[in-house]
Amino acid sequence: MADNTWALRGDLLDFTGEPVWGQVQAPQVRWRPDHWLLVRGQRIEAVRAEPPGPEWRRVDHSGRLVLPGLIDTHVHAPQLDVLASYGSELLSWLNDHTFPAEARYADERVAQRGAERFVQALLRHGTTAAMAFSTVHEAATDALFAVAHAQDMRLITGKVLMNRHVPAALEDDVQGAEEACRRLIRRWHGTGRCSYALTPRFAPTSTDEQLDMVAALWREDPSLYLQSHVAETQAEVQWVQQLFPQARSYLDVYDSRGLLRRRTVLAHGIWLDAQDRSRLEATGATLAHSPSSNLFLGSGLFDWRQAHEAGVRVCTASDVGGGTSLNLLRNLAAAYQVQALIGQRLTAWSALHSVTLGAAQALCLDNEIGRLEPGCCADISVWDWSEDEAIGHRLSLARGLHERVFAWFMLGDERLLRSVVVAGRAAPNIG
Ligand SMILES: [Zn+2]
């Protein structure tokens, strides 16, 4: 059992609540430098300043930053294959790059290797939990669940639903899709650390009948999740208006069917109005802000403060492959830059909270992930502050923790990752 009982030493940083917007002095930031985190089996048993007894195997990461494993609330597993595809905005990017890549996942060997590459890549980028899109294929979704399950990783995913406006090879139908969802839910929802997310790609690729089927499935089992996209580009919003003339807004296509709740995560939400924001707040649904994707595809600048002031829960996500990095530090840096372009400043605390405790709360999993707290699952990421002398010198000049952490994620990326722990076990070949 010795390998099952161990202690990690380092500088521990996490959150006890949501930091106040715009404040760099935040009492919700929990900074425990040179502490020991005691792990027994899958869980964190204790956190303390004193070294543990000899029965605890010691893993010394002194001087390194220890965070909860990062949580990516919006990412597409098959889209690692289309990262950084040149020259398109959203709708042509889907047709020219993404749909052909996703069609290849009909081949189960392609899907299996893709699932393995994706899960390994998440871990190598410091992400230990994700809410991810699979493809339209049931077998590819099975493969993705199975690979994550073998790692004991917290994964929420689902078969993509789309029965119109996509190439024939990717088109499902309402009845076949419902049957596939039911089989996948039976096999995977609640299996180990896997959960199922109903996954209509976005309103334009599902008919009214398919969205109604999703709503009916969800009413049967409210413990399921729901993930989709909303209001990413203006052209997309106009298209949705044409396709759903009875809907008050793009968001209303989902809202009018009861698809907004806790456990709903909608990517983007750039082009929403005040009534939409108030519906998100009232229903508890989450927006997954995906800044590197929004910049790369030129989709628009998300006004985080406006959403925050309306009481909308916002997480930061990679949205790979529209996003350009699985590493959430890179995406937090992009989030800061997007806010700067609209005259706002995102603190390091609001940023980091949105990929740790905030994301865990959005997924109703804050008793399991997102915190370095006894009883939580031992999902942990360990980072160097820098590996470059000039950057190390700059960090040494920081006048306080906020300045240091902010400069760390603005200047850092996955190359600083030294270790990742998933359910109490260090992932091999990292760091
Ligand atoms: Zn997306």
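All figures in this text were calculated on a predicted structure; none of them were measured in a lab.
Using a 4.5 Å heavy-atom threshold, the side chains of Val174 and Asn163 count as touching.
For the residue pair Ser386 and Asp388, no side-chain donor N or O sits within less than 3.5 Å of a side-chain acceptor on the partner. Side-chain contact of Ser195 with Tyr225: a donor-acceptor pair under 3.5 Å is absent, judged by distance alone. Looking only at atom types and distance, the side chain of His137 has a donor-acceptor partner in the side chain of Thr135 under 3.5 Å away. Checked by atom type, the side-chain pair His74/His229 shows a donor-acceptor distance below 3.5 Å. Side-chain contact, Asp276 with Ser249: a donor N or O sits under 3.5 Å from an acceptor N or O. Under 3.5 Å, the side chains of Thr347 and His402 contain no donor-acceptor pair of N or O atoms. No side-chain N or O of Ser318 forms a donor-acceptor pair with one of Asn331 less than 3.5 Å apart. Gln79 and Glu102 share a side-chain donor-acceptor pair at under 3.5 Å. In the model, Gln112 has a side-chain atom that pairs as donor or acceptor with a side-chain atom of Glu116 under 3.5 Å.
At a threshold of 4.0 Å, the pair Arg371-Asp366 does not count as salt-bridged, since none of the basic side-chain nitrogens sits closer than that to a carboxylate oxygen. Under 4.0 Å is where a charged nitrogen must lie from a carboxylate oxygen, and between Lys159 and Asp172 at least one such pair does. Look at Asp142 and Arg187 and you find a salt bridge, because one of the NZ, NE, NH1 or NH2 atoms lies within 4.0 Å of a carboxylate O, short of that distance. Note on Arg404 versus Asp11: no salt bridge recorded, every NZ/NE/NH1/NH2 to OD/OE distance being 4.0 Å or above. Residues Glu281 and Arg277 are not paired through a salt bridge, judged by the lack of any N-O separation under 4.0 Å between the basic side chain and the carboxylate. Salt-bridge annotation for Asp14 and Arg30: present, with a side-chain N of the basic residue lying under 4.0 Å from a carboxylate O of the acidic one.
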Check your understanding: After noting the C-alpha distance and the side-chain angles of Phe406 and Val24, does the key distance pass the side-chain contact (heavy atoms from CB on, under 4.5 Å) rule?
Key -> CA-CA 10 Å; Phe406 176 74; Val24 299; over 6 Å; no
Check your understanding: Passes side-chain contact (heavy atoms from CB on, under 4.5 Å), Tyr196 versus Leu184? Steps please.
Key -> CA-CA 8 Å; Tyr196 196 81; Leu184 287 162; 3.5 Å; yes
Exercise for review: Decide side-chain contact (heavy atoms from CB on, under 4.5 Å) for His189 and Asp221; before the verdict, give the C-alpha distance in whole Å, the side-chain angles of both, and the deciding distance to 0.1 Å.
Suggested key: CA-CA 10 Å; His189 187 56; Asp221 185 353; 3.7 Å; yes
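Between Ser354 and Val314, the shortest heavy-atom contact is CB-O, 3.9 Å. Minimum heavy-atom separation, Ser292 to Thr324: OG-N, 3.1 Å. For the residue pair His125 and Ser325, the shortest heavy atom distance occurs at CD2-OG, 4.4 Å. Here the shortest heavy-atom pairing between Leu80 and Phe118 reads CD1-CA, 3.7 Å. Here the closest non-hydrogen pair linking Phe409 and Ala351 is CZ-CB, 3.8 Å.
A cation-pi arrangement is present between Arg58 and Trp36, with the terminal nitrogen or guanidinium carbon under 6.0 Å from the aromatic centre and inside a 45° cone about the axis. Geometrically, Arg263 does not engage Trp218 in a cation-pi contact, judged by NZ or CZ lying under 6.0 Å from the ring centre and within 45° of the ring axis.
No more than 12 heavy atoms of other residues, nucleotides or ligands lie within 6.0 Å of CZ in Arg415, so this atom counts as exposed by the packing criterion. Counting heavy atoms of neighbouring residues, nucleotides and ligands inside a 6.0 Å radius, atom CD of Glu387 exceeds 12 of them. Counted within 6.0 Å of CD on Glu309, heavy atoms from surrounding residues, nucleotides or ligands total more than 12; the atom is thus considered enclosed.
Between Gln227 atom CD and Met131 atom CE the span is 4.5 Å, to the nearest 0.5 Å.
A distance-only check finds a donor-acceptor pair linking the side chain of Ser381 to the backbone of Pro68 [under 3.5 Å]. Remark: the backbone N or O of Ala288 is paired with a side-chain donor or acceptor of Ser290 at under 3.5 angstrom. The backbone N or O of Leu365 sits nowhere less than 3.5 Å from a side-chain atom of Glu368 that would complete a donor-acceptor pair.
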